[in-house]
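What follows is a single structure, written as structure tokens, with notes after it.
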Amino acid sequence: MEMEDYPRTMGQQFGRRSWAEPWKIKMVEPLRIISRAEREAALKAAGYNTFLLRSEDVYIDLLTDSGTNAMSDRQWAALMMGDEAYAGSRSFYRLEAAVQQAYGYRHVIPTHQGRGAEHLISRIAIQPGQYVPGNMYFTTTRLHQELAGGTFVDVIIDEAHDPLSQYPFKGNVDLDKLQTLINQVGAKQIAYISLAGTVNMAGGQPVSMANVRAVRELCDRYGIRIFLDATRLVENAFFIKEREPGYDTRTIAEIVREFCSYTDGAWMSAKKDSLVNIGGWLALNDDQLADEARNLVVVYEGLHTYGGMAGRDMEALAVGIEESLQEDYIRARIGQVRYLGELLLDWNIPIVEPIGGHAIFLDARRFYPHLPQDLFPAQTLAAELYLDSGVRAMERGIASAGRDPKTGQNHYPKLELTRLTIPRRVYTQAHMDVVAEAVKAVYDQRERARGLRMVYEPRYLRFFQARFEPIEG
């Protein structure tokens, strides 16, 4: 047997020492894989939309990292400490202290999940006719801004729309684009800057500390507020520590606090970074805005000391915030995503580069260059991947982009992506190997793909519930 034929460790494959997950398994959930014929029937019944598949028909579920993370023993223990009082819950004050300590904001308003917080900030901070510039749209965020009468304007740097660009901070705001918008509409017509850490739709790409600092300086000249989508800010902090000069010796917790200090508030889908299955919050520094948010949360979520969450969920979230900032954890979390990405790059499979924080984004444009965007290449790729192996991914392309609310025409995003989203502390490296081989199998058969047509389109956020059928021929 030749030396290169011997089994190699993960580290040997990439010329480095191997690392392992900083946890051990205490409980397991059995998985099953159904036959190809059963997957074909399940996908057809789901209208070729992976969101409509039943989880029992999925082998490895990479649909989302939202609410699919594995909680720790400390979090499960915290559930038993939940105070379920309707008003003044002890668990709320535990959560409030955790958010204030980790993120540094003064006021904390809990919500049932992130879009509840998006709704609140949009309602209290946007006047009809105002503009909301941001570093690339996110689906639910933009919808809430539009429903409040605002118009989202993309001011992300051009490199974010290029999947091959190696720029290390592709989530950065383009200051010239932002200045141009201010000059065109006037500062009073800017509701706020909508800033996201590790920009999801760009492939999980981070924002640099220098950039958020510069955005703060620009906004201060015009009296414009900055509100942060902190959903994956911990992962953003990892990239700052790794890539930005002067931050290699700073802790993840210190970087998170500094980043937040340049903003006026934040909303959080705690189902991502914070390692829980449900929950979110809105945090603000301004007293008047916080009062408005507390008043409005009662209407749509629940009393301001629970905001749609049970006491036990607030307790688990408080622990999850602390655990998310641990250096060993975040290093392993990003490491697992990179491992999958490096396998695919080694096979010359087109993905968004550099590898982002929470997912691998397959570049469906380069995957299926023969399919026009109107035939939903990213949705097609998600369907083909499920058919091949039972791996569930999700579309992040024209279906997710939706329609212009004024013209009714499709948005045509420059990025047409299929997202392989890695839940936190759930899957092993062996699962990543299976996923990589499944993607390669689909890639090897890429010329056979014919695309999909949409046969049912809901009014809002169509990618969740739309239905498709294959193009024949």
Side-chain angles (χ1 to χ4, degrees), residues 62-70 99 102-103 113-115 117-118 134-141 156 160 168-173 194-209 211-212 226-244 252-253 255-260 262-263 265-283 317 320-327 329-338 340-341 352 354-361 394 396 417 419-426:
L62 306 185
L63 183 77
T64 181
D65 61 333
S66 179
T68 57
N69 309 299
V99 173
Y103 297 91
Q113 62 181 58
R115 70 195 57 173
E118 291 172 343
N135 55 341
M136 197 172 285
Y137 82 98
F138 184 67
T139 51
T140 58
T141 313
I156 202 167
F169 291 103
K170 290 165 70 173
N172 281 357
V173 170
S194 181
L195 183 71
T198 46
V199 180
N200 191 354
M201 305 301 281
Q205 301 298 312
V207 180
S208 72
M209 193 72 79
N211 186 249
V212 67
I226 303 170
F227 294 124
L228 171 68
D229 181 348
T231 296
R232 299 182 181 91
L233 186 60
V234 175
E235 292 168 8
N236 197 104
F238 175 88
F239 290 117
I240 290 175
K241 181 181 178 70
E242 181 182 69
R243 300 175 184 174
E244 193 160 358
I252 294 295
I255 295 169
V256 166
R257 279 293 293 263
E258 181 182 346
F259 198 101
C260 291
Y262 299 120
T263 69
W267 64 87
M268 164 65 83
S269 173
K271 298 162 70 176
K272 283 83 167 177
D273 259 0
S274 299
L275 300 164
V276 290
N277 305 128
I278 197 68
W281 46 262
L282 173 65
L317 172 51
I321 290 172
E322 297 168 3
E323 293 184 351
S324 72
L325 297 170
Q326 294 171 356
E327 307 277 330
Y329 154 73
I330 191 62
R331 190 181 305 113
R333 191 287 188 279
I334 301 294
Q336 188 174 56
V337 177
R338 281 182 173 163
L340 175 57
V352 172
I355 296 168
H358 68 291
I360 297 302
F361 289 74
M394 73 166 294
R396 278 296 182 226
L417 308 174
R419 192 179 76 180
L420 305 171
T421 331
I422 315 302
R424 296 161 184 82
R425 303 191 299 203
V426 172

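The shortest non-hydrogen separation linking Ser274 to Ile321 is OG-CG1, 3.8 Å. Listed here is the closest heavy atom pair of Arg243 and Pro168: NH1-O, 2.6 Å. Among all heavy-atom pairs drawn from Asn236 and Pro206, the shortest one is OD1-CA, 3.2 Å. Heavy atoms only, all atoms of each residue included: Tyr262 and Val212 are closest at CD1-CG1, 3.7 Å. Heavy-atom minimum distance, Ala359 versus Thr421: CB-CA, 3.7 Å. Nearest heavy-atom pair, Tyr329 versus Arg425, reported as atom, atom and distance to 0.1 Å: CE1-CG, 4.2 Å.
Between the side chain of Asn277 and the backbone N or O of Asn69 there is at least one donor-acceptor pair closer than 3.5 Å. A donor-acceptor contact shorter than 3.5 Å is absent between the side chain of Thr198 and the backbone of Gln205. Counting only distance, with no hydrogens or angles, the side chain of Glu327 and the backbone of Ile252 share a donor-acceptor pair below 3.5 Å. Counting only distance, with no hydrogens or angles, the side chain of Thr263 and the backbone of Phe227 share no donor-acceptor pair below 3.5 Å. Under the 3.5 Å distance criterion, the side-chain polar atoms of Asp229 are left unmatched by any main-chain donor or acceptor of Leu195. A donor-acceptor pair is defined here as one N or O able to donate and one able to accept, closer than 3.5 Å; such a pair exists between the side chain of Asn135 and the backbone of Ala196. Between the Asn211 side chain and the Val173 main chain, a donor and an acceptor come within less than 3.5 Å of each other. Asp273 places no side-chain N or O within donor-acceptor distance of the main-chain N or O of Ser324, the cut-off being under 3.5 Å.
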Next on the checklist: As a quick check of understanding, evaluate side-chain hydrogen bond (donor to acceptor under 3.5 Å, both in side chains) for Asn200 and Arg396, giving each step before the final call.
Outcome noted: CA-CA 9 Å; Asn200 191 354; Arg396 278 296 182 226; 4.8 Å; no
Checklist entry - Can you list the steps and then say if Met268 with Val99 is a side-chain contact (heavy atoms from CB on, under 4.5 Å)? => result CA-CA 10 Å; Met268 164 65 83; Val99 173; over 6 Å; no
Checklist entry - Could you go step by step and tell me if Arg424 and Glu323 meet the salt bridge (charged side-chain N to carboxylate O under 4.0 Å, His left out) rule? => result CA-CA 12 Å; Arg424 296 161 184 82; Glu323 293 184 351; over 6 Å; no
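Just one of Leu63, Thr64, Ile360, Leu62 meets the side chain to side chain contact (heavy atoms under 4.5 Å, CB included) condition when paired with Arg419; it is Thr64.
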